[in-house]
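Please read through the structure below; I'll follow up with questions.
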Protein chains: 2
Amino acid sequence: MTEADLLARLRRLPLHPGAHGLTDDTATLGGYTLTTDTLVEGVHFLPDDPAADVAWKLLATNYSDLAAKGALVEGVLLNYPLRDADWDAAFLDGLDAALRDLGGALLGGDTVTLPTGAPRVLTLTAIGRDAAAPARGGARAGDTLWVTGTIGDAGAGLAIARAGRGDAALRARYRRPVPRLAEGRALAPLVTAMMDVSDGLLIDAARMALASGVAVTVELVDVPLAAGVTDALAAATAGDDYELLFAAAPGFVAPVPATRVGRFEPGAGLRLTRAGEPLPTPRRLGYEHGLR
Amino acid sequence: MTEADLLARLRRLPLHPGAHGLTDDTATLGGYTLTTDTLVEGVHFLPDDPAADVAWKLLATNYSDLAAKGALVEGVLLNYPLRDADWDAAFLDGLDAALRDLGGALLGGDTVTLPTGAPRVLTLTAIGRDAAAPARGGARAGDTLWVTGTIGDAGAGLAIARAGRGDAALRARYRRPVPRLAEGRALAPLVTAMMDVSDGLLIDAARMALASGVAVTVELVDVPLAAGVTDALAAATAGDDYELLFAAAPGFVAPVPATRVGRFEPGAGLRLTRAGEPLPTPRRLGYEHGLR
């Protein structure tokens, strides 16, 4: 079963109004924004990634969803699998430091033991408040598509972490993504749609277009790349960026560093251009769970 | 690292006021009650337990924590690991049925893939509202200790599930515990302390006494046992009952089926009697995660 199949089945369950039909990355309840992410050892992080970096990433990926809502961080729940004392201690020290850096406080959680040899599966649920951003489905034909920061850094960083050598700054972008909380807060009241780039710029742009009922064209030459990243197509289909992707009216002037990378038009689907020339859309637009 | 070590370390993290110092099974935020539980294949359920029963149990264990707060069910978040399509479909059908039986609706969640052969790790976060119960630390010397339903059924049911034969009703108590939502709601305004029995009657009674700063004596003859369960000491140290354990003033008349099983006194610790005669306290009072 793919993630898409699962989603279709989940949508047949009794849904809370705050689930918004499971079309968004966050749920709402009262004045709160809820999001949850699970990281699996060997899938979302490497077995030899430092435990403190895994703690950072677990918090940061959740906060990235709150950032896309322009929400303030309130608190977190942690579901933690005990396995070995040194790793556990390093993880908790890392989570402590991450909470002090990024804000928020522990509300509660659950602790379990894992069978010997089982990969770690870590879940964190983050709760924000006072969200001010529109949903991902608000883009209109004529709007422009923007992204904060640079794209593909984490994909390049993953290759560096796997190889055990290479640019440390790119590796840090994979291991320690920085959620764009302040940027999200600044952009929220100004944009027509916003989400974070977790699975890849192209797949997430396609999702925004689909949710908005419009088509999107991404101009590959405009995709902002970090120093050391050269293949824009690879960058635009790599995951784990945790930048903010947003739609804004034509003529929009961004209040935070951001780059215009495309535009929305009537129709449906994703188109790709390089310097204005149509490119074939790659078969794989990004990372999809459950697709092998 | 044991669960107790982990808790001590977690208490040094930035804590939200709604975490109540991590002394309770639930957190509070605004008018909401938050709880989260993780089930691990091979630890909390057996690999050949039916997927629909696992879905039921995942929802029911969380709702049991809401029941202990006298809360109304609001919604749930699900962190689901895709592995094989038939099990996934059966799980979702089971969750659908469980939500329709027990109440609540899906707010959102996350989907991940697991490495081949990895045990399933399932997390559900439940949110309730309008909680009316005191915390587990409210018992006073002189109060009486009570429990709903019968104890040890799930422990006996686990043995039956492992053996592949035996009383189906007891096996169902292990696979499909029924959270005492209505009972919790009725008891909440009347009791001085309440929690659910998840790890064993004795260990949970000891935890209530510790949180309340008093001693507790449990009378083994009074522990209510289901038909087919005969060893009261084994029953009182088996987990997964999901009954409600509560303290109430002397002379309390319970508005729901419940049995008086002990009393609170000045001092600290757990004492055990059989027909009034002191019994040695068993070394193992119940299930503790992280203790092998």
Side-chain angles (χ1 to χ4, degrees), chain A residues 1-3 5-7 9-10 12-16 18-19 22 26-27 29-32 34-44 74-75 77-82 84-85 88-89 92 95-96 99-100 104-115 118-119 121 123 125 127 289-290, chain B residues 1-3 5-7 9-10 12-16 18-19 22 26-27 29-32 34-44 74-75 77-82 84-85 88-89 92 95-96 99-100 104-115 118-119 121 123 125 127 289-290:
Chain A
M1 191 179 290
T2 66
E3 187 172 13
D5 295 332
L6 180 77
L7 258 177
R9 278 179 173 269
L10 287 172
R12 298 203 294 265
L13 298 183
L15 291 188
H16 193 281
L22 302 180
T26 60
L29 185 62
Y32 297 106
L34 311 173
T35 185
T36 185
D37 273 310
T38 297
L39 298 185
V40 180
E41 189 176 30
V43 177
H44 304 92
E74 177 76 33
L77 298 165
L78 174 68
N79 299 75
Y80 189 75
L82 290 166
D84 76 82
D88 295 341
L92 292 172
L95 184 62
D96 192 7
L99 283 168
R100 290 175 202 280
L106 187 68
L107 272 160
D110 190 27
T111 312
V112 295
T113 44
L114 289 180
V121 178
T123 289
T125 301
I127 303 174
H289 296 285
Chain B
M1 194 178 288
T2 65
E3 187 174 15
D5 296 333
L6 180 78
L7 257 178
R9 279 178 172 270
L10 287 171
R12 299 205 293 265
L13 298 182
L15 291 189
H16 193 283
L22 302 180
T26 60
L29 186 63
Y32 297 107
L34 311 173
T35 186
T36 185
D37 274 309
T38 297
L39 298 185
V40 179
E41 189 175 32
V43 178
H44 304 90
E74 177 76 31
L77 299 164
L78 173 69
N79 298 76
Y80 189 76
L82 290 165
D84 77 81
D88 296 342
L92 292 172
L95 185 62
D96 191 8
L99 283 167
R100 291 177 201 280
L106 188 68
L107 273 160
D110 192 26
T111 312
V112 295
T113 45
L114 289 180
V121 178
T123 289
T125 301
I127 303 174
H289 298 285

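Just so it is clear: chains get the letters A, B, ... in the order the sequence lines come, proteins before strands, and each one is counted from 1.
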Should A:Leu95 and B:Leu13 count as side-chain neighbours, where that means a heavy-atom distance under 4.5 Å?
->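 SC-SC contact between A:Leu95 and B:Leu13 confirmed.
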Sequence neighbours left out, what passes side-chain contact (heavy atoms from CB on, under 4.5 Å) with B:Arg100? Give chain and number order.
->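 With neighbours one apart ignored, the set is A:Pro14, B:Asp96.
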Which bit of A:Leu22 comes within less than 4.5 Å of chain B, counting heavy atoms only: side chain, backbone, both or neither?
->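 Side chain of A:Leu22 only, per the 4.5 Å heavy-atom cut-off to chain B.
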Applying side-chain contact (heavy atoms from CB on, under 4.5 Å), run through A:Leu78 and B:Leu10 and close with a yes or a no.
-> CA-CA 10 Å; A:Leu78 174 68; B:Leu10 287 171; 4.1 Å; yes
Which residue out of B:Thr35, B:Leu29, B:Leu39 racks up the most heavy-atom pairs below 4.5 Å with chain A?
->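 Sorted descending by pairs with chain A, the first entry is B:Leu29.
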Chain B interface, residue from A:Gly42, A:Gly108, A:Gly109 that has the most non-hydrogen pairs under 4.5 Å =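 Greatest number of close heavy-atom pairs with chain B: A:Gly109.
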What part of A:Leu7 gets closer than 4.5 Å to chain B, counting heavy atoms only: side chain, backbone, both or neither?
->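 It is neither, since no heavy atom gets under 4.5 Å.
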Find out whether B:Thr123 and A:Thr38 are in side-chain contact, i.e. whether some heavy atom of one side chain is under 4.5 Å from a heavy atom of the other.
->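 When only atoms from C-beta onward are counted, A:Thr38 and B:Thr123 do not touch, as no gap falls below 4.5 Å.
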Chain B contact via A:Glu74 - which portion, at a heavy-atom distance below 4.5 Å |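 Contact with chain B is through both the backbone and side chain of A:Glu74.
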A:Thr36 vs B:Asn79, side-chain hydrogen bond (donor to acceptor under 3.5 Å, both in side chains): CA-CA, chis, key distance, verdict = CA-CA 8 Å; A:Thr36 185; B:Asn79 298 76; 3.0 Å; yes
Given that the side chain runs from C-beta out, which part of A:Leu34 has a heavy atom under 4.5 Å from chain B: side chain, backbone, both or neither?
->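 For A:Leu34, side-chain heavy atoms alone lie under 4.5 Å from chain B.
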Using a 4.5 Å cut-off on heavy atoms from C-beta on, say whether the side chain of B:Val40 contacts that of A:Pro115.
->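 The answer is yes; the side chains approach within 4.5 Å.
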Just wondering, do A:Leu106 and B:His16 contact through their side chains at under 4.5 Å, heavy atoms?
->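 SC-SC contact between B:His16 and A:Leu106 ruled out.
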Can you find a pair of side-chain heavy atoms, one from B:Val43 and one from A:Leu114, that are under 4.5 Å apart?
->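 Counting from C-beta outward, B:Val43 and A:Leu114 never come under 4.5 Å.
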Region of A:Ile127 in contact with chain B, defined by heavy-atom distances below 4.5 Å =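 Side chain only.
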Answer yes or no: is there a side-chain heavy-atom contact under 4.5 Å between B:Leu92 and A:Leu6?
->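 Yes, close enough: below the 4.5 Å cut-off.
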When you look at B:Leu107 and A:Leu15, which way does the side-chain contact (heavy atoms from CB on, under 4.5 Å) test go after all the steps?
-> CA-CA 6 Å; B:Leu107 273 160; A:Leu15 291 188; over 6 Å; no
Heavy atoms only, distances under 4.5 angstrom: which of B:Gly31, B:Gly104, B:Ala89 has the most pairs with chain A? Name it, please.
->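 With the most close heavy-atom pairs to chain A, the winner is B:Ala89.
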A:Asp37: side-chain hydrogen bond (donor to acceptor under 3.5 Å, both in side chains) partners, not counting sequence neighbours =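 For A:Asp37, no residue satisfies side-chain hydrogen bond (donor to acceptor under 3.5 Å, both in side chains) once neighbours in sequence are set aside.
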Looking at B:Gly75, B:Ala105, B:Ala85, which makes the most heavy-atom pairs under 4.5 Å with chain A?
->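 Of the options given, most contacts go to B:Ala105.
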